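Just dropping this structure here.
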Amino acid sequence: MGFGKGCHLHLIDGSAYIFRAFHALPPLTRKSDGLPVGAISGFCNMLDRYVENNSGADAATHVAVIFDKGSHTFRNDMYDQYKANRSEMPEDLRPQIPLTREATRAFNIACEEIEGFEADDIIATLACRAREAGGRVTILSSDKDLMQLVGDGVEMLDPMKNKRIDDDGVFEKFGVAPNRVVDVQALAGDSVDNVPGAPGIGIKTAAQLIQEFGSLEELLDRAEEIKQPKRRQTLIDNRAQIELSKKLVKLDCDMELPFGLDDLEIRDAVADDLLEFLNRMEFRTLTRRIADRLGKEPPAVIEAAPEADAPDVPEDAPIDHATYEVVRDAEALQVWLDRIAATGVVAVDTETTSLDEMRADLVGISLATEPGVACYIPLAHRTGGGDLFDSDALAPGQMPMETALEMLRPMLEDPAVLKVGQNMKYDYKIFARLGILVDPIDDTMLLSYAQHGGLHGHGMDALADRYLNHQCIPIKDLIGSGKSQVTFDRVEIDRAAPYAAEDADVTLRLHRLLKPRLHRARVTQVYETLERPLVPVLARMEMAGILVDRQVLSRMSGTFAQKMAGLEEEIHAKAGRPFNVGSPKQLGEILFDELSLPGGKKGKTGAYSTGADILEDLATEHELPGLILDWRQLSKLKSTYTDALQDHINPETGRVHTSYSIAGANTGRLASTDPNLQNIPVRTEEGRRIRQAFVAPEGRVLVALDYSQIELRILAHIAGIDQLKQAFKDGHDIHAMTASEMFGVPLDQMTPEVRRKAKAINFGVIYGISGFGLARNLRIPRAEAQAFIDTYFERFPGIRAYMDDTVKFAKQHGRVETLFGRRIHTPDINASGPGAGFAKRAAINAPIQGTAADVIRRAMVRMEAATRGIDAKMLLQVHDELLFEVGEDEAETLIERAREVMEGANMPVVDLSVPLIVDAGQGANWAEAH
DNA sequence: ACGCTCACG
DNA sequence: GACGTACGTGAGCGTA
């Protein structure tokens, strides 16, 4: 049947369908090889629904899906900036594009694209031809650029809202009839497609002018008649630009097409072809549904193929500081916001006066929307130092910070705009202190950490060098170093801008590179559940801080100073001369040269070793080593804790705000810095008193919850040691049980000495035990230690198997894994020499330590929802412990809920064969809570 | 800048 | 067969 009267042509805007499917659906990957297929899946579902619903009197007789092809079109020849601010295609989407063509063909729907032409022009030409032939046309799209085609039997259908758009609909949108839509667009321009239009004229004004003058040509010819002087001048001055804009927005209705309308006649799908395609994409549900409808057996499910190598990514233009813009007013900022709204992704970086987020003041913000497209917004740069009177004045050429933040806020909080940062926790906190909650976020540092943990560092300079082959401007070039260092607000704007914008540019490029690789590395779940959600959680903990009683610390410092002075006198007397007790070098000379105590040189530097274990051994020979040990303990407590901690009390909050590095430790553990609150003393009575300085405010208490023996439990599970598992299930003393198994001592006759040995072995196993290490730890002969280990492996052969298997896996794959899929790379595992031993033990330890780290991360992410409604704040994490501050009335409720979260944190992803047990305590200070 | 020592899990 | 060793961190100090 030839196309003519009574026929109905449906034209589907394929690209719009794909983008919508891509953005509307969560990332989905093909199981066998990790290929992203979310957009294809959504696209197929839409096509299926389309086919299903296309029935009745209004049904299409002809249909085609039209795609764009190539980025350079005849419009670029007219205007090189056309669609210049259109973002690059997301990396996840790119590989799906060819498959959407295949999908269309699999549905046996005509699939058309012509190199160098936009889909819109093909749609326009087909619509015009169909109209001329006397048929009806429905364009399935919501693109306003297509509205100029409406009328005379051509309609649009917004597939999203299922809303028909006819003449009235177009008038609603543009204020004119469809045949004048291009005139309005030519005047108003389009920021998304980068059509210039007339400056200062939007759709409303344009429609008004066209209504008044009848057409664009008429308007331009009679522009002198316009009453408003400014508007008149704009139209006269920009005539050429407006005429160009019209050419850009006017669709080509008369293209040469290598096919005709008759080729688009509706055909039934070929069942086998369609099912083969869907099955190849591994869409189980859709395959079954369509097979059922077609009355066919669904094809056999495809088995997983081996890991495919990553395809190469296209090369971006090199980083060029000259392309960056300095944004100095609201108008310029608005252009960036429009651009961001169109792309939905932006890299953000803040410049501040300090590395301490709790004291840092915002100085400027940089943004990047695509490679090479970046800007710096200076906000609080000051005029140069030196001049005492002028030094605090704001430098000229900056927009008011309030204005900028209020303009940025909707974007930063917009759930539809992804904010990408490098170490986003920093920027998150800076914005949070200004009342802006940045969400959603991605973090390039964490993307790298999830994929390449153990291979290299994840700082921006390292990542830029490695993945972009680019050396970032060192911050020292701007602010100097050491004594002459200045804060960033003292850097001239023109010097700051290239540095700052570069950071955003680099971050954006890294994101494009690293994000799509997540699924190929099979760590999407790690990133999405263990890394990314932790950013706001840790930010809140750090901002909350813990209350520290300066008085307590100060008094202790005084006491320590006195005791140290007394000890020092005694030490000098015993040594026979005064010397610096804090100098290991001088101490070594006194002990081994002057007093001739036994012990020798050690270390590459040739210096005597004077570590605690050596001094303890020497304590039987002479009184001096014991005194040194006492002095050292006091010195450590004073300098590292009672003195230094006071300097970390924030003057505004009166609290201590640590910072956690999420990507610091290779195993997945957090690390705490500035100050480190994960190594506050607890093992000695004297040290433990420092914890009395960590307090809760009036009416509140500190609650500590810690996992009992979590690493040994995980070892028992992973290695499958029945006796250990049973002991944990029965709640028995695990070290006593081990001792009983090894040495044949009944539990009721267990001595502390035997138990201590078993405990050392249990821990040794976690660390990758060796005879030498155990011997040193227990201070027993090496042969004896080796005998213990042999016995241990005899009683628990599963442990030996775990260690061997893990090392074998590491050698084969260059990495090990936690139960939650975190990958820890072991690049040195195949090294020769002493390094090999280290790498082996690290490989044995990493899955155990790392799984425990994953468990508590999961608990932390879930904690907020689980404790909602309780006036409680999570303050600290110490590897297997969480510390909270809570109103004293609610402490018990908190313990109950937090314990439930922690003990079930492994579920539902990992079902452990041992129970996780959490001990809890509460008190006015950390010593009491523990 | 680096190594030593020692605080924690 | 020798080598040198417990795993993972961060901070302060002395020494170059």
Side-chain angles (χ1 to χ4, degrees), chain A residues 454 481-482 579-588 602-615 628-629 631-645 647-648 658-661 664-684 686-688 690-691 706-712 715 760-778 782 785 789 803 816 824 826 831-850 852-853 856 876-881 930:
Chain A
S481 64
F579 70 104
N580 183 350
V581 185
S583 162
K585 186 168 175 274
Q586 294 178 34
L587 175 66
K602 254 195 191 172
K604 311 149 215 169
T605 51
Y608 291 116
S609 182
T610 66
D613 46 353
I614 307 241
L615 294 188
I628 299 281
L629 284 170
W631 183 91
R632 279 203 183 151
Q633 194 198 6
L634 294 174
S635 165
K636 178 79 175 180
L637 294 178
K638 183 170 185 292
S639 67
T640 309
Y641 300 104
T642 57
D643 286 353
L645 220 40
D647 299 335
H648 281 286
T658 183
S659 180
Y660 289 99
S661 39
N666 279 336
T667 53
R669 273 195 180 179
L670 301 178
S672 161
T673 63
D674 308 300
N676 182 355
L677 294 186
Q678 289 182 321
N679 71 346
I680 301 302
V682 70
R683 289 173 185 171
T684 66
E686 194 134 45
R688 192 155 47 234
I690 290 171
R691 296 192 171 217
D706 67 287
Y707 284 107
S708 160
Q709 309 281 12
I710 185 166
E711 291 191 353
L712 269 179
L715 173 70
I761 296 174
N762 274 334
F763 279 109
V765 166
I766 291 173
Y767 300 147
I769 199 161
S770 73
F772 183 92
L774 184 66
R776 213 177 59 157
N777 189 280
L778 284 177
R782 196 174 153 175
I789 294 170
M803 295 172 74
V816 292
I824 298 135
T826 57
S832 54
F838 283 109
K840 253 188 189 175
R841 292 190 295 272
I844 291 165
N845 171 259
I848 305 166
Q849 187 179 117
I856 196 164
L876 300 180
Q877 189 250 42
V878 194
H879 309 307
D880 64 356
E881 168 185 356
H930 206 270

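The shown structure was predicted, so the numbers you read here are calculated from the model rather than taken from an experiment. Quick note on labels: first sequence line is chain A, next is B, and so on, each numbered from 1.
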*With the side chain counted from C-beta on, respond yes when Pro675(A) and Leu645(A) share a heavy-atom pair under 4.5 Å apart, and no when they do not.*
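Pro675(A) reaches Leu645(A) side chain to side chain.
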
*Report the residue from Lys585(A), Gln586(A), Arg632(A) that forms a side chain to side chain donor-acceptor pair (under 3.5 Å) with Thr610(A).*
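The residue from Lys585(A), Gln586(A), Arg632(A) that satisfies side chain to side chain donor-acceptor pair (under 3.5 Å) with Thr610(A) turns out to be Arg632(A).
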
*Rounded to the nearest 0.5 Å, how far does CG of Asn777(A) lie from CD1 of Ile769(A)?*
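If I round to the nearest 0.5 Å, the distance is 9.5 Å.
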
*Is any side-chain nitrogen or oxygen of Arg632(A) closer than 4.0 Å to OP1 or OP2 of dC6(B)?*
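Yes, Arg632(A) has a side-chain N/O under 4.0 Å of OP1/OP2 on dC6(B).
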
*Is any side-chain heavy atom of Ile690(A) closer than 4.5 Å to a side-chain heavy atom of Ile680(A)?*
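They are in side-chain contact.
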
*asked:* I want to check something: taking the side chain as every heavy atom from C-beta on, are Tyr641(A) and Asn679(A) in contact at a cut-off of under 4.5 Å?
replied: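 Yes, their side chains come closer than 4.5 Å.
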
*If you look at every strand shown and take non-hydrogen atoms under 4.0 Å, does Ala612(A) touch a base, only sugar-phosphate, or nothing?*
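The residue Ala612(A) makes sugar-phosphate contact but no base contact.
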
*P atoms of dA6(C) and dC4(B), separation to the nearest Å*: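 One P to the other, the span is 13 Å.
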
*Tell me, please, which residues at least two apart from Asp643(A) pass salt bridge (Lys or Arg N to Asp or Glu O under 4.0 Å).*
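Asp643(A) satisfies salt bridge (Lys or Arg N to Asp or Glu O under 4.0 Å) with Lys638(A) once adjacent residues are dropped.
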
_Student check: side-chain heavy atoms of Val581(A) and Leu587(A) closer than 4.5 Å_ =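 No, their side chains stay 4.5 Å or more apart.
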
_So, using salt bridge (Lys or Arg N to Asp or Glu O under 4.0 Å) as the criterion, who are the partners of Arg688(A) when residues are at least two apart?_
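Result, salt bridge (Lys or Arg N to Asp or Glu O under 4.0 Å) vs Arg688(A): Glu685(A).
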
*Select base, sugar-phosphate, or nothing to describe what Asn777(A) touches, counting heavy atoms under 4.0 Å on all strands.*
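Base, at least one base heavy atom under 4.0 Å.
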
*Non-hydrogen side-chain atoms of Arg669(A) and Ile856(A) separated by less than 4.5 Å*: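 Counting from C-beta outward, Arg669(A) and Ile856(A) never come under 4.5 Å.
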
*Whole angstrom is fine here: how far is it from CG in Leu677(A) over to P in dG9(B)?*
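These atoms are roughly 13 Å apart.
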
Would you be so kind as to tabulate the donor-acceptor pairs closer than 3.5 Å made by side chains of residues 839-847 of chain A, with sequence neighbours excluded?
{"unit_1": "Asn845(A)", "atom_1": "OD1", "unit_2": "Gln849(A)", "atom_2": "NE2", "d": "3.2"}
{"unit_1": "Asn845(A)", "atom_1": "ND2", "unit_2": "Ile766(A)", "atom_2": "O", "d": "3.1"}

*Enter the distance from Leu876(A):CG to Ser672(A):OG here, rounded to the nearest 0.5 Å.*
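These two atoms lie 7.5 Å from each other.
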
_Tell me the interatomic distance from Glu881(A), atom CD, to dT9(C), atom C1', rounded to whole angstroms._
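Going from CD in Glu881(A) over to C1' in dT9(C) covers 16 Å.
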
*Quick one: is dT5(C) close enough that its OP1 or OP2 comes under 4.0 Å of any side-chain N or O from Arg776(A)?*
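Negative; the distance criterion is not met.
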
*asked:* Return a single string for nucleotides 10-16 of chain C, one symbol per nucleotide in 5' to 3' order, where B is base contact, S is sugar-phosphate-only contact and - is none, cutoff 4.0 angstrom on heavy atoms.
replied: BBSSSSS

_Regarding Arg782(A), tell me which of base, sugar-phosphate or nothing describes its non-hydrogen contacts under 4.0 Å with the strands shown._
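Since a base atom lies under 4.0 Å of Arg782(A), the category is base.
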
*Just how far is it from atom CD1 of Ile761(A) to atom CG of Leu778(A), taken to the nearest 0.5 Å?*
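Going from CD1 on Ile761(A) over to CG on Leu778(A), the span is 7.0 Å.
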
*asked:* Over all strands shown, is Asn666(A) touching base, sugar-phosphate only, or nothing at heavy-atom distances under 4.0 angstrom?
replied: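 It contacts sugar-phosphate atoms only.
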
_Can you measure Leu774(A) atom CG to dC7(C) atom P for me and round it to whole angstrom units?_
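Distance check: Leu774(A) CG to dC7(C) P gives 13 Å.
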
*asked:* Measure CD1/Ile680(A) against P/dG9(B) and give the value in whole Å, please.
replied: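 Whole-Å distance recorded here is 11 Å.
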
*Can you tell me, in whole Å, how much space there is between the P of dT5(C) and that of dT5(B)?*
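After rounding to an integer number of Å, I get 13 Å for this pair.
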
*State the CD-NE2 distance between Gln678(A) and His879(A), to the nearest 0.5 angstrom.*
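Between Gln678(A) CD and His879(A) NE2, I get 3.5 Å after rounding to 0.5 Å.
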
*How far, in whole Å, is dA2(C) from dC6(B) if one measures between their P atoms?*
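My reading of the P atoms in dC6(B) and dA2(C) gives 33 Å.
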
_Under 4.0 Å, heavy atoms only, any strand: does Ile769(A) hit a base, just the sugar-phosphate, or nothing?_
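Contact class for Ile769(A): base.
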
*Which dot-bracket string describes DNA chain C (Watson-Crick N1-N3 plus N6-O4 or O6-N4, or G-U N1-O2 and O6-N3, all under 3.5 Å; [ ] crossing; | other strand)?*
......|||||||||.

*Contact class for Gly611(A) vs. all strands (heavy atom < 4.0 Å): base, sugar-phosphate, or nothing?*
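Touches sugar-phosphate only.
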
*Rounded to whole angstroms, how far apart are CZ on Phe763(A) and P on dG8(C)?*
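Value for this atom pair: 16 Å.
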
*Just to confirm, is there a sub-4.0 Å distance from OP1 or OP2 of dC8(B) to any side-chain nitrogen or oxygen of Arg683(A)?*
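So the side-chain polar atoms of Arg683(A) do come within 4.0 Å of the phosphate oxygens OP1 or OP2 of dC8(B), strictly under.
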
_Separation of dC7(C) C1' from Arg669(A) CZ (nearest whole Å)_ =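 Whole-Å distance recorded here is 8 Å.
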
*Distance in angstrom units between Tyr767(A) OH and dC7(C) P, rounded*: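 Computing the Tyr767(A):OH to dC7(C):P distance gives 10 Å.
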
*Could you state the atom-to-atom distance from CD1 of Ile614(A) to P of dC6(B) in whole Å?*
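Answer to the nearest Å: 10 Å.
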
*Contacts to DNA chain C from residues 837-848 of chain A, heavy-atom cutoff under 4.0 Å, which residues?*
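Phe838(A), Arg841(A), Ala842(A), Asn845(A), in order of number.
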
